[in-house]
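First comes the structure, then the notes that go with it.
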Amino acid sequence: MSSTRSNRSSSLVALVDGNNFYVSCERLFDPRLETRPVIVMSNNDGMVISRSQEVKALGIKMGAPMHHIRDVIKKHRIATLSSNYGLYGDLSQRMMAVVGQFGPVQEIYSIDESFLDLSDMQGRDLVGHAQEIRQRVRQWVGIPTCVGIASTKTLAKLANHVAKKRPEFEGVCDFTRMNEPDLVELLGGFAARDVWGVGRQSDARLKELGIRTARDLLLADSAAISTRFGVVMERTISELRGIGCQPLEAVAPDKKQILSSRSFGRATSDVEELAESVTMHVSTAAEKMRRQDSACSTLQVFLKTNPFKPELPQHHPTATVRLGAPTDDSLKMVSAAVRAVRGLYRPGYKYHKTGVILIDLQPKKVQQLDLFADAPALVSAGTTARERLMHTLDSVNRRSGRGTMRFASEGVDHRWRMKREKVSPAYTTQWEELPVARA
DNA sequence: TCTGGGGTCCTAGGACCC
DNA sequence: TCTGGGGTCCTAGGACCC
């Protein structure tokens, strides 16, 4: 054991994470929420995706279906809000910009978390530095955060978790300040499930081997774990021991696939409505794809009935659609996808979700040509009329809001659109909805 | 009435080739 | 009588993350 963390001094990683991020965003613009327990709900107001401290204390779990907790909500006067991703995304960008000033390399890991490389601060006051980050984000953006510091990403995640759970750390936990026996003992107080990369399934199987805590996992026989659980879990153990297996990625790599899907507010058996929703998903996904300058030659379309209603007949077909030469042309993709919907559709089922996945993504410049195509689709000099149209479409929608310019086959009625009954205003991204300060 | 959406990586198994 | 072995590619599915 003495050698397991001997090289930990070589790198320093901080994880900065927003506390109850969506709830914090909502509270920032509606101070009345400060004194109430608050829940932010998923799309369609279906389940819990962010909870204030008070809600966590009441034992309401992440992911709980809203209709299971109706009574608790009423009893404790919990405020429930539809999710407002425009708001969260905007505040996220501000938070990331502030955090990024505190280290030479930042990896934005999710909407509310980023890693910072602090390796060049060896021997300096890291806790003080981290407190400064927290204070500035709080002051400039308004979001409370916690910071975990350690020699690897996995340990930094765990340190962050400790900082959140143990008030005595005052929001910052630095594992590199602790000596090894103390750290191992501390980890004995946290479940294996709290470790990044240990999910529900692995946790159950680890328990069968007597591995219950983060400490147990750190001390486990990694060769034996590797055969039973695979290389991913083996890497997790290495990271717990201070051996970095996951470098920081400052530049987000291009997406390898892009998915757009959504449950309906109300199930439908109407093939035209299914086609409308799929048209919308294709155009959303294609716009994202063009933003990263990629093209694709294959897409998948799927329909799903509601799996939570086993008493109804179930149908969840998928179609894989080949497009020929790689393309980023929404029109081409829409017509192929809609054809696929008509092929997949069976009358008599209540569909409650559709989706489109663009797979096979590749940079536009280096694409393979279709051997049988009449003419190269995208390599022609300059831009084609179709490309200019896509460009116009994207810039209009960027400037004036999604859906300003769209395909006729997306329909206008949208009786299937999702439910968002309690959404807060777009405080930071729409002029008409800016908060007003009163004297 | 009522259970999200968007990703990544890994593995197993089948088809096919030499 | 004997019934291989190694490699690639593709797909589906599982597990994990937030």
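Because only heavy atoms are used, hydrogens play no part in the values below, and waters and symmetry mates are left out as well, while side chains stay in. Remember, it's a predicted structure, so these values are computed and weren't measured experimentally. Below, chains carry the letters A, B, ... as their sequence lines are ordered, and counting in each starts from 1.
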Please check if the number of heavy atoms outside A:Gln314 that lie under 6.0 Å from its CD is greater than 12.
yes
May I ask you to verify if any side-chain N or O of A:Lys309 is less than 4.0 angstrom from the OP1 or OP2 atom of B:dC2?
yes
Should A:Ser261 be listed as having a side-chain N or O under 4.0 Å from OP1 or OP2 of B:dG4?
no
Between C:dG4 and B:dC16 - C1' atom distance, rounded Å
16 Å
Test log, rule salt bridge (charged side-chain N to carboxylate O under 4.0 Å, His left out), inputs A:Lys164 and A:Asp17:
CA-CA 10 Å; A:Lys164 285 205 161 116; A:Asp17 185 334; 3.1 Å; yes
Remember a base hit wins even if backbone is also touched, and classify [X] as base, sugar-phosphate or nothing at under 4.0 Å, heavy atoms.
X        : value
A:Met47  : base
A:Lys61  : nothing
A:Arg228 : nothing
A:Asp45  : nothing
A:Ile258 : sugar-phosphate
A:Arg235 : sugar-phosphate
A:Arg262 : sugar-phosphate
A:Val40  : nothing

Does some side-chain heavy atom of A:Asp112 sit less than 4.5 Å from a side-chain heavy atom of A:Ile143?
no
Starting from P on B:dC2, measure out to CG on A:Asn44 and report it in whole angstrom.
10 Å
Tell me the interatomic distance from A:Met41, atom CE, to B:dG5, atom P, rounded to whole angstroms.
14 Å
Distance to the ring centre below 6.0 angstrom and angle to the axis at most 45 degrees; does that hold for A:Lys153 and A:Phe115?
yes
